[in-house]
Structures are given as structure tokens and as C-alpha cells.
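Data block below; observations after.
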Amino acid sequence: LLCPCFIYGAYVFLPFDAPLLPTVSARLVYTLRCAAFATFPIVLGMIVSGISRLCSAALEPFGELQREVEIHRTYVSQSVHLFILYFFNMAVLATYLPQEVLKLIPLLTGLFAISRLIYWLSYAVGRSFRAFGFSMTFLPLLAMLLWNLYNMFVLEPENLLA
């Protein structure tokens, strides 16, 4: 319930608009540039994972990982997988959205980055708390996927591969 409220509130109250993007290639470049900001939590996780591995008290660097190292490594791995799915769905979404609604692309990117940071924090606190951060990442991804499939197969089936 929070994700649509966050997106709607940001859409209405944040004072910016997407630039005029008349072509599909311009929309894809815009999405690519916005997606670069979504890699911030992943890069931060890689840095923290490297530092935690470096500062680990393990006798063998490639042996059994301590919980602190395992948390960051798992977070980075899951975030990369979700980012790939998120990016491809955002790229397809950008081709179907009307110009007036393209403001959603940076908002969804920001939601992804914030929700991954929330997931990371809640995962470090305890495994039972991580469902909130994961659902803030996964449910918008699922909504984008369903919207993209609806556009492809119901609204424009003649342009499916065009």
C-alpha cells in the first residue's frame, strides 16, 4: 500500500517534469540515464562488502564467510538481479507511457534505490524485517511487468515485435 502512495505523492508534489521525448530512442536514453542512479545502492553495497571482507577475522579469505560478510554479499547479489529486471521493465515501460506521465521513470528509479537501501538496513537488523524492503522493490517491479504485458498483448498486439 505504501508504494503507490509514495509514487503518487512524489508525482503530484515534486516540482519537476520529464523533458520532451518524442522518439523511442530518446526515451530509452532517458531511462538509461535515470537507471544509473539506481546503481548507487549496489555500488555502495559492493564497497561495504569489500571492506567487511577485508576487515573480517576469518583465517581463510575464501573459506566460510562470517554473518557480516554474508549479509553484504547476499544483498549485492540480489540487488543486481532485481536491478536487471527493474531496468528492462522500465525501458519497456518508457516506450508505452505517454509524454505527460514520463515523470514516473525517475520516480520509480528513486523508489528502487530507496527500497534497496531499506532492504539492506532491515536485512542487517534481522532477517524477519526484510520483507518490507523486498516488497517495496518487488511489487512495483511486478506492477510494471503486468502493465507492460497488458500493453503488449492487449492494447497493441499488432506492434508486439515492431
Side-chain angles (χ1 to χ4, degrees), residues 1-52 71-124 129-162:
L1 292 175
L2 287 178
C3 289
C5 294
F6 285 150
I7 294 294
Y8 179 75
Y11 185 83
V12 170
F13 295 115
L14 288 178
F16 76 92
D17 286 324
L20 185 61
L21 304 167
T23 64
V24 173
S25 60
R27 289 171 180 233
L28 291 176
V29 168
Y30 181 68
T31 303
L32 183 64
R33 288 178 180 168
C34 288
F37 291 103
T39 62
F40 171 75
I42 299 170
V43 171
L44 185 64
M46 288 176 167
I47 292 169
V48 171
S49 177
I51 291 171
S52 66
I71 286 172
H72 304 306
R73 188 184 66 80
T74 303
Y75 163 76
V76 169
S77 173
Q78 291 174 357
S79 293
V80 167
H81 295 144
L82 283 171
F83 173 75
I84 291 168
L85 293 172
Y86 217 82
F87 173 71
F88 281 118
N89 274 290
M90 271 200 333
V92 172
L93 182 68
T95 63
Y96 285 115
L97 288 177
Q99 175 63 41
E100 303 81 38
V101 191
L102 277 178
K103 184 179 180 179
L104 282 177
I105 298 299
L107 294 177
L108 287 169
T109 302
L111 179 67
F112 177 81
I114 290 169
S115 62
R116 290 316 294 165
L117 291 173
I118 290 172
Y119 173 79
W120 191 16
L121 178 66
S122 61
Y123 189 50
F129 299 110
R130 65 183 172 180
F132 176 71
F134 181 77
S135 65
M136 281 186 63
T137 305
F138 183 71
L139 294 177
L141 171 66
L142 185 63
M144 283 190 294
L145 176 65
L146 293 175
W147 179 254
N148 289 337
L149 291 175
Y150 174 74
N151 278 316
M152 281 190 254
F153 292 114
V154 176
L155 295 182
E156 298 181 11
E158 66 278 354
N159 294 334
L160 182 62
L161 299 175

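- Summarising the geometry, atom SG belonging to Cys34 is positioned 9.0 Å from atom CG belonging to Leu107; distances are rounded to the nearest 0.5 Å.
- Atom CG of residue Leu93 and atom CH2 of residue Trp147 lie 8.5 Å apart, to the nearest 0.5 angstrom.
- Rounding to the nearest 0.5 angstrom, the gap separating the CD1 atom in Ile105 from the NZ atom in Lys103 is 13.5 Å.
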* To do: For the pair Met136 and Phe6, evaluate side chain to side chain contact (heavy atoms under 4.5 Å, CB included) and give the outcome as yes or no after the intermediate values.
  => CA-CA 10 Å; Met136 281 186 63; Phe6 285 150; 3.9 Å; yes
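- Using a 4.5 Å cut-off on side-chain heavy atoms (C-beta onward), Val24 and Leu28 make contact.
- Closest non-hydrogen pair, Ala94 versus Arg27, comes out as O-NH1, 3.0 Å.
- Leu21 and Gln99 make their closest contact through N-OE1, 3.0 Å (heavy atoms, listed as atom of the first residue, atom of the second, distance).
- Closest approach of Leu82 and Thr137 over heavy atoms only: CD1-CG2, 3.8 Å.
- Here the CG atom belonging to Leu102 is positioned 7.5 Å from the OG1 atom belonging to Thr31, to the nearest 0.5 angstrom.
- Two residues are said to be in side-chain contact when any heavy atoms from C-beta on lie closer than 4.5 Å; Phe153 and Leu149 meet this criterion.
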* Would Tyr8 and Val12 count as a side chain to side chain contact (heavy atoms under 4.5 Å, CB included) if you check the C-alpha gap in whole Å, the side-chain angles of each, and the deciding distance to 0.1 Å? -> CA-CA 6 Å; Tyr8 179 75; Val12 170; 3.5 Å; yes
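- The shortest side-chain heavy-atom distance between Pro106 and Tyr30 falls under the 4.5 Å cut-off.
- Closest approach of Ile42 and Val76 over heavy atoms only: O-CG2, 4.2 Å.
- Judged by distance alone, the side chain of Asn89 and the main-chain N or O of Leu141 form no donor-acceptor pair under 3.5 Å.
- Counting all heavy atoms, side chain and backbone alike, Phe37 lies closest to Ala113 at O-CB, 4.4 Å.
- Put simply, the side chain of Arg116 never gets that close to the backbone of Ala38: no donor and acceptor are under 3.5 Å apart.
- The aromatic rings of Tyr123 and Tyr119 sit parallel to each other, their planes meeting at less than 30°, with 60° as the upper class boundary.
- Residue Phe40 holds its CZ atom at 11.0 Å from CD1 of Ile114, rounded to the nearest 0.5 Å.
- One finds the OG1 atom of Thr109 at 7.5 Å from the OH atom of Tyr86 (value rounded to the nearest 0.5 Å).
- Using cut-offs of 30° and 60° on the angle between ring planes, the pair Trp120 and Tyr75 is parallel.
- Using modelled atom types, no side-chain atom of Ser77 and backbone atom of Thr74 make a donor-acceptor pair closer than 3.5 Å.
- Proximity of Phe112 to Pro140: side-chain heavy atoms (C-beta onward) are nowhere separated by under 4.5 Å.
- Val92 approaches Thr95 most closely through the heavy-atom pair O-OG1, 2.5 Å.
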